[in-house]
Number of protein chains: 2
Amino acid sequence: MFKIELDGTASIHDQICSEISRLISVGVLAPDEKLPAVRETAKALGVNPNTVQKAYAALEKNGLIYSVPAKGSYVAPGGMAAEAVKKEASEALRTAMEKAALTGVSRETAEEIMNDIWGKKG
Amino acid sequence: MFKIELDGTASIHDQICSEISRLISVGVLAPDEKLPAVRETAKALGVNPNTVQKAYAALEKNGLIYSVPAKGSYVAPGGMAAEAVKKEASEALRTAMEKAALTGVSRETAEEIMNDIWGKKG
DNA sequence: CAACTGTATTATCCGGAGTAATACAGTTGT
DNA sequence: ACAACTGTATTACTCCGGATAATACAGTTG
């Protein structure tokens with residue numbers, strides 16, 4: 001069972017989405033692996049089941065998981081999920097970069113930050 | 001007078017903040033230049049004066065502008081404002097990159113996006 | 001003095017977030 | 001067959017932040 005710390009300013013179901021997305025992309029949650037039940041997750045997180053359901057529904061809408069009534073929710077098969085997550089993350093990164101560029105942040109500055117995070121190239 | 005399109009999902013005063021920040025960093029709003037009055041901006045944007053005031057207050061808190069009661073609000077002097085904006089934007093970019101890295105986005109992918117936005121290096 | 005400035009206060013409305021309590025239909029293990 | 005689980009759906013309620021609205025005050029400016 002995964003753990004999530006509800007810290008941020010974002011809504012709880014958004015945070016659940018993000019964390020599960022991350023776990024999928026990193027591989028902690030494998031393709032076709034069964035996710036904890038809605039009620040179980042809710043209990044583990046000390047959160048209302050409806051909130052978790054909202055998160056799962058959003059994940060399914062984005063193609064990260066698929067749900068089978070009366071059976072469970074599963075990570076999308078064949079690496080589709082991981083790809084979807086990275087695609088989402090890439091788009092978010094693009095948006096952030098566009099915004100930064102709009103406010104005058106230079107490419108050099110962006111590269112420096114990149115080196116801090118991914119390690120210097122070469 | 002500047003224009004702002006209230007599109008995003010963010011709150012109005014946040015959008016006003018962002019747009020004024022951008023205009024400052026780019027140089028459209030020069031240091032010590034007087035900003036439009038709260039009521040004037042509100043009217044131009046079709047928005048409540050209180051909302052604009054909230055935006056101006058936040059901008060002042062972040063050191064981007066300074067307000068003189070009964071006189072007006074002005075862009076912070078000596079390029080301080082532009083620097084503050086770029087610093088903020090850089091931090092936001094760093095946060096976005098960290099999140100992307102966490103979800104498995106590779107440096108190569110990030111570089112590609114960077115090339116799209118800032119132009120290819122070299 | 002009139003018209004403007006930023007600032008402050010209070011009240012109200014609306015929508016989303018979150019909670020709560022159910023209910024239903026289908027699966028699964030015993 | 002039955003109990004216990006699954007996802008899904010519905011309805012109602014509370015709470016809080018965003019936004020609006022209507023003022024009021026004090027100080028500046030022409």
Side-chain angles (χ1 to χ4, degrees), chain A residues 1-2 4-21 24 29 31-77 81, chain B residues 1-2 4-21 24 29 31-77 81:
Chain A
M1 185 57 183
F2 48 81
I4 302 183
E5 14 176 337
L6 295 323
D7 283 26
T9 68
S11 56
I12 297 181
H13 56 265
D14 276 346
Q15 294 182 52
I16 296 176
C17 279
S18 300
E19 182 60 6
I20 294 184
S21 297
I24 289 177
L29 264 33
D32 287 307
E33 178 176 342
K34 191 184 182 199
L35 291 174
V38 170
R39 295 170 177 80
E40 183 185 352
T41 304
K43 199 164 195 175
L45 265 47
V47 149
N48 193 279
N50 297 18
T51 304
V52 178
Q53 183 194 344
K54 197 179 291 183
Y56 278 29
L59 287 170
E60 184 170 19
K61 187 182 173 189
N62 290 2
L64 300 190
I65 70 176
Y66 63 94
S67 296
V68 183
K71 293 205 62 175
S73 299
Y74 306 84
V75 176
Chain B
M1 186 54 182
F2 47 82
I4 301 183
E5 14 176 336
L6 293 327
D7 282 25
T9 69
S11 57
I12 298 180
H13 56 266
D14 275 347
Q15 295 182 52
I16 297 176
C17 278
S18 300
E19 182 60 8
I20 295 184
S21 297
I24 289 177
L29 263 34
D32 287 307
E33 177 176 343
K34 191 183 183 201
L35 291 173
V38 170
R39 295 171 178 77
E40 183 185 353
T41 304
K43 199 163 194 175
L45 264 48
V47 151
N48 193 279
N50 297 18
T51 303
V52 177
Q53 181 195 345
K54 197 179 292 184
Y56 278 28
L59 287 169
E60 184 169 20
K61 187 183 174 188
N62 290 2
L64 300 189
I65 69 175
Y66 62 95
S67 294
V68 183
K71 292 206 64 178
S73 298
Y74 306 85
V75 177

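Here is how names work: the chains are called A, B, and so on, in the same order as the sequence lines, proteins then strands, and each is numbered from 1.
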Taking only N and O in the side chain of B/K71, is any of them less than 4.0 Å away from OP1 or OP2 of D/dT29? yes

For the OG atom of A/S73 and the CD atom of A/E33, what is their distance to the nearest 0.5 Å? 12.5 Å

Dot-bracket, 5' to 3', for DNA chain D please: Watson-Crick or G-U pairs under 3.5 Å, [ ] where pairs cross earlier ones, | where the partner sits on another strand, dots elsewhere. ||||||||||||||||||||||||||||||

Among D/dT6, C/dA21, C/dT9, find the nucleotide with the atom closest to the side chain of A/K34. D/dT6

Nearest whole angstrom, please: distance from the P of C/dA17 to the CG of A/N50. 13 Å

Any side-chain heavy-atom pair from A/Y66 and A/L59 closer than 4.5 angstrom? no

Ranking B/G72 and A/D14 by the position along DNA chain C of their nearest nucleotide, the one closer to 5' is B/G72

Return the 5'-most residue of the pair A/N48, A/R39 with respect to DNA chain C, ranking by each residue's nearest nucleotide. A/N48

Minimum heavy-atom distance between B/V52 and B/V38, given as atom pair plus value: CG1-O, 3.8 Å

Whole-Å distance, B/I16 CD1 to D/dT20 C1', equals 13 Å

With a 4.5 Å cut-off on side-chain heavy atoms, are B/Y74 and B/S67 touching? no

Rounded to whole Å, how long is the line connecting atom CD of A/Q15 with atom C1' of C/dA17? 12 Å

Could you pull out all donor-acceptor pairs under 3.5 Å where a side-chain atom in residues 44-51 of chain A meets a protein atom, sequence neighbours excluded?
{"from": "A/N48", "atom 1": "OD1", "to": "A/N50", "atom 2": "N", "distance (Å)": "2.9"}

Could you please name the option among C/dG18, C/dT19, C/dG6 that lies closest to any side-chain atom of A/V47? C/dT19

So, do B/Y56 and B/C17 sit near enough that their side-chain heavy atoms are less than 4.5 Å apart? no

Do B/I24 and B/I65 have side chains that get closer than 4.5 Å, going by heavy atoms? yes

The test is side-chain contact (heavy atoms from CB on, under 4.5 Å); show your working for B/L64 and B/V75 and say whether it passes. CA-CA 6 Å; B/L64 300 189; B/V75 177; over 6 Å; no

Expected output is a numbered-order residue list: members of residues 51-70 of chain A with a heavy atom under 4.0 Å from any atom of DNA chain D. What is it? A/Q53, A/E60, A/S67, A/V68, A/P69, A/A70

Nearest-Å distance, NZ (B/K43) to P (C/dT5)? 11 Å

Show the nearest heavy-atom pair for residues A/H13 and A/A55, with the distance to one decimal. O-CB, 3.6 Å

